[in-house]
Trainee: 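Take this structure first; my questions come after.
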Amino acid sequence: MIVDRQGRRFRNLRVSLTAACNYACTYCVPDGKRLVAAQDELSADAMVRGVAYLIEAAGIERLRVTGGEPLVSPKLETFLRGVGQLGLNDISLTSNGQLLSRKLPLLVECGIRRLNLSLDTLDAAAFRSIARGGDLATVLAGMDEARVAGLKIKVNMVPLRGQNLDQVLPLLDYCLERGFELRFIELMRMGHLARDGNGFLQQFVGMPELLAMIGERHGFTQADAPVDATALRYEIPGRGFFGVIANESVPFCRTCSRLRLSSTGWLHGCLSSSNRHYVGDLLDKPRHQALPALQRLLVKALGDKQDVAFSGGATVMKIIGG
Ligand code: SAM
């Protein structure tokens, strides 16, 4: 097993199935142009082999399928069926939910039991201005269908000053009523936001402010979370849970166990590092040749992790998956 001086190792793998997305969220894409799939994206079979090799070489236990938007990818079915055979403890999927109704039967059939769905507002006009694509009513309908189908749902919201702060409490109520766990994700200095410090600071809302807003309406206490969890979890007694992923306010680099594989075959050990390591060519090689080379790259990827805190990254989240 590859372990660093701080005792960190890779346990959780996030695979970006495609860089293509049907949204162009303001904090993710600077120019509003939706990203399309890269010319050199790996095939579904190569990506399944990549996951299999990484389970062996790095000790991956849990997989999250993300993007771009994974539900737009033609590789989705082959990939999910393939990774479903690999004996992982947990496979979940992150999506904006736009195509959820249509893809739900496939997800259920492929054994997906947990979804992280991004939803920044319940206001249709604000939704259009943040996501720059999609339709709110369709997303909400898909979420309800997934709930009825018995999937466990976490909802991701990025609070943005001047855009959706009035939605913190309505979204929390909406999620509590449905048994969804709302996760507030502090805005991260990624892509254009890493270059535009003022733009970042104008929009950023930190955990203390969020908790104060919630505290005016609800009493809550801190709840247990796994050691390498990114979110701090809180319980509102009798109502349910919510979480805050506080990249800036309470950095979690010291316990980070995440590894990312991009749709074009690059390994990223840290969102805050511009280093990446190409493994696409190894995935066509037999196991005995691929694993030693992969292990050497994993040592480098683990070395890319920040010691203490996330300090920003030039990479766009859509490229490597959130
Ligand atoms: N398309 C899928 C979705 O919308 O969930 C998966 C990919 S998206 C990049 C994954 C998550 O990253 C979303 O919840 C999104 O809100 C979040 N995200 C993207 N850019 C971010 C940023 N700069 N700061 C914080 N969260 C960000």
Side-chain angles (χ1 to χ4, degrees), residues 14-30 34-37 63-73 76 92-100 103 107 112 114-121 126-127 130-134 136 138-139 142-143 146 153-161 163-164 167 171 175 180-197 199-207 210 230-231 243-249 251-252 258 260-263 268 271-272 310-322:
R14 294 189 180 182
V15 171
S16 175
L17 202 53
T18 177
C21 189
N22 42 4
Y23 287 9
C25 299
T26 50
Y27 47 79
C28 197
V29 185
R34 292 185 207 167
L35 290 186
V36 293
L63 172 67
R64 168 92 62 89
V65 187
T66 177
E69 171 50 44
L71 300 190
V72 304
S73 173
L76 182 70
S92 62
L93 183 129
T94 302
S95 167
N96 59 33
Q98 193 63 50
L99 297 176
L100 187 54
K103 300 288 180 184
L107 299 182
I112 301 292
R114 293 198 311 115
L115 297 175
N116 283 49
L117 300 172
S118 302
L119 181 62
D120 291 326
T121 175
F127 179 93
I130 296 171
R132 297 186 289 195
L136 176 63
T138 310
V139 174
M143 286 170 79
I153 295 175
K154 286 183 185 151
V155 173
N156 291 341
M157 175 203 196
V158 181
L160 302 162
R161 194 174 308 286
Q163 295 176 66
N164 64 355
Q167 293 291 304
L171 248 176
C175 289
F180 302 158
E181 189 165 323
L182 181 58
R183 296 291 184 86
F184 299 100
I185 308 180
E186 283 185 356
L187 185 64
M188 298 174 77
R189 301 167 197 263
M190 298 287 296
H192 62 298
L193 294 175
R195 296 186 297 275
D196 175 12
F200 170 80
L201 287 173
Q202 277 162 13
Q203 298 177 75
F204 178 79
V205 181
M207 186 171 84
L210 275 172
T230 48
V244 186
I245 302 183
N247 324 291
E248 296 276 333
S249 307
F252 40 80
R258 261 147 237 102
R260 291 175 166 84
L261 175 65
S262 80
S263 57
H268 295 254
L271 282 182
S272 195
F310 177 85
S311 57
T315 319
V316 177
M317 196 80 112
K318 262 185 187 176
I319 304 291
I320 53 176

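Whatever order the structure lists them in is the order used to number ligands and atoms, beginning at 1.
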Trainee: Apply side chain to side chain donor-acceptor pair (under 3.5 Å) to E69 and N96, showing your working.
Mentor: CA-CA 7 Å; E69 171 50 44; N96 59 33; 3.3 Å; yes
Trainee: Pick whichever of M188, R64, R189 has a heavy atom sitting closest to atom 25 (C) of ligand 1.
Mentor: M188
Trainee: I'd like to know if the side chain of Y23 pairs up with that of Q98 as donor and acceptor (distance under 3.5 Å, no hydrogens or angles considered).
Mentor: yes
Trainee: Is a donor from one side chain sitting under 3.5 angstrom from an acceptor on the other, for R64 and T94?
Mentor: yes
Trainee: Just heavy atoms, cut-off under 4.0 Å: does C25 contact ligand 1 by side chain, backbone, both, or neither?
Mentor: neither
Trainee: Which of the numbered atoms in ligand 1 are under 4.0 angstrom from any heavy atom belonging to G67?
Mentor: 7 (C)
Trainee: How about Q167 and D120: do any of their side-chain heavy atoms sit closer than 4.5 Å?
Mentor: no
Trainee: Test your reading of the model: is there a side-chain donor-acceptor pair from R132 to the backbone of A24, 3.5 Å cut-off?
Mentor: yes
Trainee: Within a distance under 4.0 Å of any heavy atom of V158, pick out the atoms of ligand 1 and give their elements.
Mentor: 16 (O), 26 (N)
Trainee: Below 3.5 angstrom, do we get any N/O pair linking D120 and ligand 1?
Mentor: no
Trainee: Could you work out, with salt bridge (Lys or Arg N to Asp or Glu O under 4.0 Å) as the rule, every residue matching E181, not counting sequence neighbours?
Mentor: R183, R233
Trainee: Looking at non-hydrogen atoms alone, which of F204, Y27, Y23 comes nearest to atom 16 (O) of ligand 1?
Mentor: Y27
Trainee: Is the closest N or O pair between N116 and ligand 1 shorter than 3.5 Å?
Mentor: no
Trainee: State whether the side chain of E248 and the backbone N or O of E186 hold a donor-acceptor pair below 3.5 Å, judged by distance alone.
Mentor: no
Trainee: If you count the atoms of ligand 1 from 1 in the order shown, which ones are under 4.0 Å from a heavy atom of T66?
Mentor: 6 (C), 7 (C)
Trainee: Do N22 side-chain atoms and G133 backbone N/O form a donor-acceptor pair below 3.5 Å?
Mentor: no
Trainee: Given R14, K154, E69, identify the one with the heavy atom nearest to atom 2 (C) of ligand 1.
Mentor: E69
Trainee: Please list, in number order, the atoms of ligand 1 under 4.0 Å from a heavy atom of G68.
Mentor: 1 (N), 2 (C), 6 (C), 7 (C)
Trainee: By number and element, which atoms of ligand 1 are closer than 4.0 Å to a non-hydrogen atom of N96?
Mentor: 2 (C), 3 (C), 4 (O), 5 (O)
